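All values reported here derive from a predicted model rather than from experimental measurement.
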Amino acid sequence: MIAWILFGLIAIGSWLVQMNLTRKFEKYSKVRIASNMTGAEVAEKMLRDNGLYDVKVISTSGQLTDHYNPTNKTVNLSEGVFASNSIAAAAVAAHECGHAVQHAHAYAPLQLRSALVPAVSFASKWVQWILLAGMLLINVFPTLLLVGIALFAVTTIFSFVTLPVEIDASRRATRWLQEAGITSMQDHPMAVSALRSAAYTYVSAALGSLATLVYYVMIFLSNRD
């Protein structure tokens with residue numbers, strides 16, 4: 001019963017966080033930044049200001065597809081961010097460049113997250129099927145559920161390792177936006193608010209993953225009893 005209440009609270013919290021993020025980005029996507037720079041221009045300047053001349057800024061299709069690729073050193077900005085001169089676009093572009101700066105400075109949590117990627121990719125591919133089989137065969141082969149729990153634990157650990165990486169990237173972004181004069185005194189609180197809302201989504205995702213992990217562990221332990 002407690003587990004279901006916990007799940008419900010986390011699910012409601014995650015929904016509220018996502019709705020708040022969507023609302024803020026829709027709002028700040030309509031507000032032009034004082035510097036009138038596009039997301040691409042913001043990214044290029046932040047990279048140069050941090051001495052990163054070997055990182056390219058490119059446009060990628062889709063929405064919410066913004067990311068930094070450490071393999072080929074590219075800051076990939078979605079079309080809506082790349083060409084937009086809104087506060088939201090500037091915040092997203094600076095955040096992704098924050099990851100490039102982390103990579104250049106060998107930021108420890110980012111290195112740890114990168115090291116976990118192969119294991120997480122493997123776990124994500126098989127975990128749902130092994131957990132399903134483990135639940136169906138729990139009375140015959142309980143060890144299978146334990147294997148599924150171990151794989152899910154890997155993805156949960158990855159979620160928590162991701163938290164400092166994303167929070168630090170936003171911290172670097174907000175600080176640079178202000179120091180470089182990209183955001184005005186009126187713009188800056190909105191950029192900070194947008195990035196903070198985005199960070200909350202990672203927190204809720206990590207907590208949701210932890211709650212799910214605890215749920216499977218409780219099922220395994222109750223079967224043993």
Check the pair Leu163, Val203 against side-chain contact (heavy atoms from CB on, under 4.5 Å), reporting the backbone distance first and the verdict last. CA-CA 7 Å; Leu163 289 181; Val203 174; 3.9 Å; yes
Should [X] and [Y] be counted in the same cluster of Ile, Leu, Val, Met, Phe, Trp and Tyr side chains packed under 4.5 Å apart?
X: Val101; Y: Ile58; result: no
X: Phe152; Y: Leu144; result: yes
X: Leu213; Y: Val161; result: no
X: Val192; Y: Val81; result: no
X: Val127; Y: Ile219; result: yes

Is [Y] close to [X] at the side-chain level, that is, under 4.5 Å between some pair of heavy atoms?
X: Ser86; Y: Tyr28; answer: no
X: Glu79; Y: Ser61; answer: yes
X: Leu131; Y: Leu145; answer: yes

Quick one: side-chain hydrogen bond (donor to acceptor under 3.5 Å, both in side chains) pairs with a partner in [range], sequence neighbours left out?
range: residues 195-205; answer: Asn20-Ser197, Lys24-Ser197
range: residues 152-165; answer: Thr156-Ser209
range: residues 95-111; answer: Tyr68-His103, His95-His99, His95-Glu166, His95-Ser170, His99-Gln102, His99-Glu166, Gln102-Asp168

Nearest-0.5 Å distance, [atom1] of residue [X] to [atom2] of residue [Y]:
X: Ile33; Y: Thr38; atom1: CD1; atom2: OG1; value: 10.0 Å
X: Leu146; Y: Ile138; atom1: CG; atom2: CD1; value: 10.5 Å
X: Met218; Y: Ile149; atom1: CE; atom2: CD1; value: 11.5 Å
X: Ile130; Y: Leu151; atom1: CD1; atom2: CG; value: 5.0 Å
X: Asn72; Y: Asp54; atom1: CG; atom2: CG; value: 11.0 Å
X: Ile87; Y: Arg32; atom1: CD1; atom2: CZ; value: 11.5 Å

Nearest non-hydrogen partners of [X] and [Y], listed with the distance:
X: Ala90; Y: Leu177; result: O-CD2, 4.3 Å
X: Arg48; Y: Tyr53; result: O-OH, 3.7 Å
X: Ala191; Y: Ala91; result: O-CB, 4.3 Å
X: Ser78; Y: Asp66; result: N-OD1, 2.7 Å
X: Cys97; Y: Val75; result: SG-CG2, 4.2 Å
X: Val55; Y: Ala100; result: CG1-CB, 4.5 Å

After noting the C-alpha distance and the side-chain angles of Phe82 and Thr60, does the key distance pass the side-chain contact (heavy atoms from CB on, under 4.5 Å) rule? CA-CA 8 Å; Phe82 189 89; Thr60 183; over 6 Å; no
Is there a side-chain contact (heavy atoms from CB on, under 4.5 Å) between Leu112 and Val165? Walk through the geometry before answering. CA-CA 10 Å; Leu112 176 58; Val165 176; over 6 Å; no
Distance-only, no hydrogens or angles: does the Asn50 side chain make a donor-acceptor pair with backbone N or O of Leu52 under 3.5 Å?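 The answer is no, because no donor-acceptor pair under 3.5 Å joins these two groups.
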Looking at Ser35 and Ile182, would you say the former's side chain and the latter's main chain have a donor-acceptor pair under 3.5 Å?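 Checking the backbone N and O of Ile182 against the side chain of Ser35, a donor-acceptor pair under 3.5 Å is found.
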